[in-house]
There are 2 protein chains.
Amino acid sequence: MANRELNQKNSYTISELADELEISPSSIRFYEDKGLIRPQRTPGNQRLYMKKHRARLKMILRGKRFGFTLDEIGEMIGMEDMQMNEVEQINRSQMFFDKKIEEIRYRRAELDYMEKDLLSFKQKLERRRKELNHKK
Amino acid sequence: MANRELNQKNSYTISELADELEISPSSIRFYEDKGLIRPQRTPGNQRLYMKKHRARLKMILRGKRFGFTLDEIGEMIGMEDMQMNEVEQINRSQMFFDKKIEEIRYRRAELDYMEKDLLSFKQKLERRRKELNHKK
DNA sequence: CATAAAGTTAAAGTTAACTTTAAATATTAT
DNA sequence: ATAATATTTAAAGTTAACTTTAACTTTATG
């Protein structure tokens, strides 16, 4: 199957998407069980993913990469099926988002600490190496 | 027991430390089982933690906060018992550290993406809210 | 000094996030 | 048309990171 136009793809089978995102098909099904994605189905009942599903999965993976649980990720991005009508609903989401954004900023600060810790450990090793070199 | 001098503490029982770090004593024991900390013992065989153990635990928690596994954390900071003699040992650690630092930078970039995603979602909600307000 | 509170170990239990398996159906390639 | 390959579901199995429990021992307090 030749690529239509320079790698353009606008629908995927489960394993195509899995390959592209380097996760297993069963993980994708698992995320579906948890209510995080809801792909279309082909007439033969097989899952069919569009670009928006791919984007959604990328967000899920990004969230996972530093410790958000699937439930948290669900709260964060899981409003796909939200009716978006109720203003109050929106207000509630705003508050949630503000909290999450704050959390992200906190985590970034922690990453800075961590980098500092590692760098200072590295320097400790460096000094020790020089010490040993000197003695010889 | 009054504080010695303005909250100065240089040794802790397991539950004192647990309280301060807001984790359970059994988590601390669990980290010990995994070889991540090795506290002193009192004559009666109870664990006794010094400042360096507290610092170490903080690093463990920091690592955990964005998805490093305990094993990874162990590789990262677990060289407490390292003899620090072999230059080759040090070189190996250097490489490991460089890799980890790179990883941290990558994660920070991801946090930036995530924040952008959230902010754009938030704006979408904001627009929708205005739309609704207008219609009324 | 007696007893309550805190600590110890080893082992079993729990939860989240998957993975594997099995048995059936669908799609693709020859 | 048929054989090979991919998907589907439901259920069981796995792993990391804890937590709980049970049966004791040590330390603190009235």
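What's counted below: heavy atoms across the whole structure, side chains too, no hydrogens, waters or symmetry copies. We name chains A, B, ... by the order of the sequence lines, and we start the count at 1 in each one.
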Do the non-hydrogen side-chain atoms of B/Tyr12 and B/Leu21 ever get within less than 4.5 Å of each other? no

Which residues share a salt bridge (Lys or Arg N to Asp or Glu O under 4.0 Å) with A/Arg41, sequence neighbours left out: A/Glu32

Upstream residue (5' side of DNA chain D) when A/Ser15 and B/Leu70 are each assigned their closest nucleotide: A/Ser15

Got a sec, which residues hit side chain to side chain donor-acceptor pair (under 3.5 Å) with B/Ser27, two or more places apart in sequence or on another chain? B/Ser24

Over all heavy atoms of both residues, which pair between B/Arg47 and B/Tyr49 is shortest? Give the atoms and the distance, please. CD-OH, 3.0 Å

A/Met50: which other cluster members, linking ILVMFWY side chains closer than 4.5 Å, directly or transitively? A/Leu48

Below 4.0 angstrom, which residues in residues 20-28 of chain B have at least one non-hydrogen atom near DNA chain D? B/Ser24, B/Ser26, B/Ser27

Passing option when B/Ile28 is tested against B/Leu57, B/Leu36, B/Ile60, B/Asp33 for side chain to side chain contact (heavy atoms under 4.5 Å, CB included): B/Leu57

If pairs are Watson-Crick or G-U with both distances under 3.5 Å, what is the dot-bracket string of DNA chain C, marking crossing pairs with [ ] and pairs to another strand with |? ||||||||||||||||||||||||||||||

Heavy atom of residues 39-47 of chain B under 4.0 Å from DNA chain C: which residues? B/Arg41, B/Asn45, B/Gln46, B/Arg47

Name all residues meeting the side-chain contact (heavy atoms from CB on, under 4.5 Å) criterion together with B/Glu115; count only those two or more places apart in sequence or in a different chain, and write none if there are none. A/Ile101, A/Ile104, A/Arg105, A/Arg108, B/Leu119

side-chain contact (heavy atoms from CB on, under 4.5 Å) partners for A/Tyr113, two or more places apart: B/Arg62

Counting only N and O atoms by type, is there a donor-acceptor contact under 3.5 Å from the side chain of B/Thr69 to the main-chain atoms of B/Glu72? yes

Check step by step if side-chain contact (heavy atoms from CB on, under 4.5 Å) holds for B/Phe68 and B/Lys64. CA-CA 5 Å; B/Phe68 289 115; B/Lys64 269 176 47 59; over 6 Å; no

Heavy-atom contact window of chain B on DNA chain D, given 5' to 3' at under 4.0 Å: D/dA17 to D/dT27

For residues 19-31 of chain A, which residue pairs pass the salt bridge (Lys or Arg N to Asp or Glu O under 4.0 Å) check, not counting sequence neighbours? A/Glu20-A/Arg54

Given the rule in the side-chain contact (heavy atoms from CB on, under 4.5 Å) test, do A/Thr13 and A/Gln46 qualify, once you have shown the distances and angles that lead to the verdict? CA-CA 8 Å; A/Thr13 68; A/Gln46 300 200 179; 6.0 Å; no

